[in-house]
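Have a look at the structure below, then the notes.
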Amino acid sequence: MEVDKVVCLPRLSRVAVCGGTHGNELSGVYLVRELLKEEKKVREKKEEDEQEQPVSVLMVLGNPWATQQCRRFVNTDLNRCFTHAALNGPLSDMAPYEMIRSRELNAILGPKGSPEAVDLVCDLHNTTANMGLCLIAYSDCDWICLHIFRHLQRKMPDIPMRYIHFDVSKKESYSLDSVGKHGFAMEIGPQPHGVVRSNIYTAMKSGVQHTLDWVRFFNSGTIFEGGFVDVFTMVKHIDYPRDSETRNIAAAIHPQLQDRDFCLLRPEDPLFQTFSGETLRYKGKEPLYPFFINECAYYEKGIAVSLARKRRVMIPAVRVQTEQEQEQQANEQGFASEEEE
């Protein structure tokens, strides 16, 4: 990659901010409700400013039934219902509520993978793990998401912040943020599920505001300089030790590991402590970075901790395409389609 080369990307005209995909992760629930209350004022202000091509911001409550009950989900995890197969396969009369809701959201924000999909989805989540503020995305070369992350790092220097990459194909990507042309989950913790903490809520509110500010700066023609970003690519999950007969967990996260998300875990470091007091050590062959340590919601998924490799990614400078560049790109895509036919 040429360091000085500026990559020109399409305007981000439609942005979605989603909360309550998990109904008991309350920072996003209360933030979306607050944004919905302010929506009319924001719309009136935009009309007064008479901005050209304003950003359309859509606020969405992902799982209203689960939110009403303050539960993660009603029948099944909504944030696993957005794969290509789940959105496009046959749907029976007995389909879980979340499968039906995922198609409703796909119709509102997508369809996934289509030109009609919203330009950017920011899906808001809380974790019980001590992870600070993380952006979780399926790409390590989505320059929009990576530049937003760098912007948040600069604007919120007092909050620990990481970029997590799940190396999953677009077709197999399963979460709500994958419906947009660009998208990420904004995961902030620690916060117990079913609880809202002011400091976590405030960090999420600031993160969303800075994200929307970045989009407006980008659309106005601001050139964002390139640079380096540390990316944590998820490698594997580790389950709790379990009783061979009952399958009940037989150990908890070791005290020396608890709350040390993103601190390097080396071979033979303490990993678990059995309920009889024995220390079980990490048997991996390479040092990796743990995250989602002892996440409450992952007990049902058989995940005690996730492990990632860290590497430094160079991102190029970016700016918005001009109208002429957009027209040229559209013409080139049209010619390409004709040749394929």
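Residue numbers start at 1 and run along the sequence shown.
With sequence neighbours left out, His22 forms a ring pair (Phe, Tyr, Trp, His ring centres under 6.0 Å) with His125. Qualifying ring pair (Phe, Tyr, Trp, His ring centres under 6.0 Å) partners for Phe184, counting only residues two or more places apart in sequence or in other chains: none.
Salt bridge annotation for Arg266-Glu286: absent, with no cationic side-chain nitrogen under 4.0 angstrom from a carboxylate oxygen. With salt bridges taken as basic N to acidic carboxylate O contacts below 4.0 Å, none links Arg162 and Asp230. The existence of a salt bridge linking Lys301 and Asp77 is confirmed by a sub-4.0 Å separation between a basic side-chain nitrogen and an acidic carboxylate oxygen. With salt bridges taken as basic N to acidic carboxylate O contacts below 4.0 Å, none links Lys205 and Glu34. Under the 4.0 Å criterion applied to side-chain N and carboxylate O atoms, Glu98 and Arg101 are not assigned as salt-bridge partners.
A donor-acceptor pair under 3.5 Å is formed between the side chain of Asp261 and the backbone N or O of Phe292. The main-chain N or O of Ile223 is never found under 3.5 Å from a side-chain atom of Arg319 such that the two would form a donor-acceptor pair. Side-chain atoms of Asn88 come within 3.5 Å of backbone N or O of His84 as a donor-acceptor pair. Remark: side-chain polar atoms of Asp119 are paired, donor with acceptor, to backbone N or O of Ser13 under 3.5 angstrom. The backbone N or O of Asn199 lies less than 3.5 Å from no partner atom in the side chain of Thr202, so there is not a single donor-acceptor pair. Formation of a donor-acceptor pair under 3.5 Å by the Gln191 side chain with backbone atoms of Val195 is found in this model. The backbone N or O of Tyr174 sits less than 3.5 Å from a side-chain atom of Tyr138, completing a donor-acceptor pair. The backbone N or O of Asn126 sits less than 3.5 Å from a side-chain atom of Glu25, completing a donor-acceptor pair. Judged by distance alone, the side chain of Arg103 and the main-chain N or O of Ala86 form a donor-acceptor pair under 3.5 Å.
Aromatic rings from Phe262 and Tyr289 are positioned such that their centres are separated by 6.0 Å or more. Taking the ring centroids of Tyr30 and Tyr201, they lie at or beyond the 6.0 Å cut-off.
Proximity of Tyr163 to Phe149: side-chain heavy atoms (C-beta onward) are separated by under 4.5 Å at one or more points. A 4.5 Å side-chain heavy-atom check between Met186 and Thr211 finds at least one atom pair inside the cut-off. Contact annotation: the side chain of Met131 approaches that of Ile164 to within less than 4.5 Å [non-hydrogen atoms, C-beta and beyond]. No side-chain heavy atom of Leu124 sits under 4.5 Å from any side-chain heavy atom of Val29.
Defined by atom type and a distance below 3.5 Å, a donor-acceptor pair is present between the side-chain atoms of Lys112 and Ser178. Side-chain N/O atoms of Thr21 and Asn63 include no donor and acceptor closer than 3.5 Å. Using a 3.5 Å distance cut-off with no hydrogens or angles, the side chains of His254 and Thr279 do pair a donor with an acceptor. With no hydrogens or angles considered, no side-chain donor-acceptor pair links Ser175 and Asn79 at under 3.5 Å. Side-chain atoms of Glu295 and Thr127 include a donor-acceptor pair closer than 3.5 Å.
Counting Ile, Leu, Val, Met, Phe, Trp and Tyr side chains that sit under 4.5 Å apart, directly or through other members, Tyr97 shares a hydrophobic cluster with Trp65, Val74.
Linking ILVMFWY side-chain heavy atoms closer than 4.5 Å, directly or via other members, places Leu135 and Met156 in a single hydrophobic cluster.
The aromatic rings of His147 and Phe224 sit tilted relative to each other, their planes meeting at an angle between 30° and 60°.
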